[in-house]
J.: 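I'd like to ask some things about the structure below.
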Amino acid sequence: MKVRLANQHDCESLSDLILASAPQSLTAIFDINSQFHCKGFLLSALANENGQFGYANHWVIEQQGAVIGSVSAWYSELDKTFHQATLHSLMQYYGAEHVLEVLSRSQLVQEFIPKPKAQQWCIGHLAVAESFQRQGAATVLLNVMSQAAKQHNKIELSLDVPIDNHSAITFYQHHGFKIQQQSILSQAMLDAGFSSHLHMGKSLV
C-alpha cells in the first residue's frame, strides 16, 4: 500500500470515498435537489486544488495502482485563502440561488462539531473502499496523519464520528482515541437530518 497526496485525476474515486466517510451529514448539508446534490458538489470541488474539499487537502492510499482509501485534515491556523477557496467551490457549483442554504446547513454542523484547538490536528473524510476494509489501510492512513500532525507541531489528533457507527468507534478506540464529548442536537439540527456525534481525541505525546 502506498499513501500520497491526492491529485486532480483522483476526483471520481475521492468523491465516492468522501461521501462514504459521512453519508448522513454530507447529504444533509449538500443535497438540495436532483440537480444540485452532494456527489455533484464533491466532483466539482475536487477538481479544484484548494479549500476544504479541494484535492490538495486530501491524502489517498493506493493498492496496485487503484485508490482504495482517503483522509483529510485541517487545523486552527488555516489561512484566509483556504476558506475563500472553500466558498469559491460552493459558489461555483450552487450559485447564488442555493449557496446560502448550504452555508446555513454548514453552520449547523459547526454548532455540534468543535473547531480545532491550537494543539489539534483534526482528521476528516477517512474512508476505505468496502472491498478493501479490514486489511490495514485505515491504520496506515492514521499513522500518516500522526506523522503530519507532528510535522506541524500538533500534539493531539481529533475527529468526530456518528454515535451509531459502532465499528468506527471501536476502531478508533483500538488505536488510542478516547471519547471526549457527545454532541447535543437542537431540533433544527434533527430536522435537517443530522445525527449525534462523538468527539474523540488521541494524545501524541
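Just so it is clear, the model here is predicted, and its values are computed rather than measured. Position 1 is the first residue of the sequence, and the numbers go up from there.
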J.: Between Leu159 and Val128, is there a shared hydrophobic cluster once you connect ILVMFWY residues whose side-chain heavy atoms come closer than 4.5 Å?
T.: yes

J.: Once the angle between the rings of Tyr93 and His37 is folded into 0 to 90°, is it parallel (under 30°), tilted (30 to 60°) or perpendicular (over 60°)?
T.: perpendicular

J.: Looking at every heavy atom in both Ala47 and Tyr55, which two are closest together, and how far apart are they?
T.: O-CE2, 4.0 Å

J.: Can you confirm whether more than 12 heavy atoms, excluding those of Gln64, are under 6.0 Å from its CD atom?
T.: no

J.: Would you name the heavy atoms of Ala85 and Gly51 that are closest together and state the gap between them?
T.: CB-N, 3.6 Å

J.: Begin from the C-alpha positions of Leu103 and Gln107 and carry the test side chain to side chain contact (heavy atoms under 4.5 Å, CB included) through to its verdict.
T.: CA-CA 6 Å; Leu103 289 172; Gln107 186 62 41; over 6 Å; no

J.: Under 3.5 Å, side chain of Gln63 to main-chain N/O of Met1, donor-acceptor pair present?
T.: no

J.: Looking only at heavy atoms, what is the nearest atom pair of Ala149 and Leu157, with distance?
T.: CB-CD2, 3.8 Å

J.: Just by modelled atom types, is the Val102 backbone N or O under 3.5 Å from a matching donor or acceptor in the Ser106 side chain?
T.: yes

J.: With the side chain counted from C-beta on, respond yes when Leu141 and Leu126 share a heavy-atom pair under 4.5 Å apart, and no when they do not.
T.: yes

J.: Is the centre of the Trp74 ring less than 6.0 Å from the centre of the His125 ring?
T.: yes

J.: Asp160: what forms a side chain to side chain contact (heavy atoms under 4.5 Å, CB included) with it, not counting sequence neighbours?
T.: Ile113, Pro114, His197, His199

J.: Search all heavy atoms of Ala148 against all heavy atoms of Trp59 and return the closest pair with its distance.
T.: CB-CZ2, 4.5 Å

J.: Judged by atom type as modelled, is there a donor-acceptor pair below 3.5 Å linking the side chain of Gln92 to the main-chain atoms of Ala45?
T.: no

J.: Main chain of Gln52, side chain of Thr86: is a donor-acceptor contact present, judged purely on distance under 3.5 Å?
T.: yes

J.: Got a second to check how far Glu77's CD is from His152's NE2, nearest 0.5 Å?
T.: 9.0 Å

J.: If you round to the nearest 0.5 Å, how far is NZ of Lys39 from OG1 of Thr27?
T.: 13.5 Å

J.: Are any non-hydrogen side-chain atoms of Leu46 and His58 less than 4.5 angstrom apart?
T.: yes

J.: Sort and list the pairs that fulfil side chain to side chain donor-acceptor pair (under 3.5 Å) and have at least one residue in residues 130-145, not counting sequence neighbours.
T.: Thr139-His175

J.: From Phe53 CZ over to Ser72 OG, what is the distance, rounded to the nearest 0.5 angstrom?
T.: 8.0 Å

J.: Just by modelled atom types, is the Cys38 backbone N or O under 3.5 Å from a matching donor or acceptor in the Asp31 side chain?
T.: yes

J.: Would you say the side chain of Met189 lies within less than 4.5 Å of the side chain of Ser186, judging by non-hydrogen atoms?
T.: yes

J.: Give the intermediate values and the outcome of side chain to side chain contact (heavy atoms under 4.5 Å, CB included) for residues Val3 and Val71.
T.: CA-CA 10 Å; Val3 178; Val71 71; over 6 Å; no

J.: Ignoring hydrogens and geometry, is there a side-chain-to-backbone donor-acceptor pair from Arg4 to Glu62 under 3.5 Å?
T.: no

J.: Heavy atoms, side chains only, cut-off 4.5 Å: are Ser146 and Leu204 in contact?
T.: yes

J.: In Å, rounded to the nearest 0.5 Å, how long is the span from CD of Gln24 to CZ of Phe194?
T.: 9.0 Å

J.: For Gln182 versus Leu198, what's the shortest heavy-atom pair and its separation?
T.: CB-CD2, 3.8 Å

J.: How far apart are the C-alpha atoms of Ile29 and Val109, what are their side-chain angles, what is the distance that settles it, and do they pass the side chain to side chain contact (heavy atoms under 4.5 Å, CB included) test?
T.: CA-CA 8 Å; Ile29 298 170; Val109 175; 3.4 Å; yes

J.: Could you check if a side-chain atom of Val161 sits within less than 4.5 angstrom of a side-chain atom of Phe177, using non-hydrogen atoms only?
T.: no

J.: Do Ile123 and Tyr172 make a side-chain contact, defined as non-hydrogen atoms from C-beta onward lying under 4.5 Å apart?
T.: no

J.: Hey, are the side chains of Lys202 and Leu142 touching, using non-hydrogen atoms and a 4.5 Å cut-off?
T.: no

J.: State the CG-CG distance between Leu43 and Leu19, to the nearest 0.5 angstrom.
T.: 10.0 Å

J.: Are Ile61 and Val144 side-chain neighbours, meaning at least one heavy-atom pair lies under 4.5 Å?
T.: no

J.: Side chain to side chain donor-acceptor pair (under 3.5 Å) with Ser183: which residues, sequence neighbours excluded?
T.: Ser196

J.: Short question: side chain of Glu101, backbone of His98 - any donor-acceptor pair under 3.5 Å?
T.: no

J.: Considering non-hydrogen atoms only, spot the tightest contact between Tyr94 and Phe30 and give its length.
T.: OH-O, 2.6 Å

J.: What's the spacing between Asp16 CG and Ser21 OG if we round to 0.5 Å?
T.: 11.5 Å

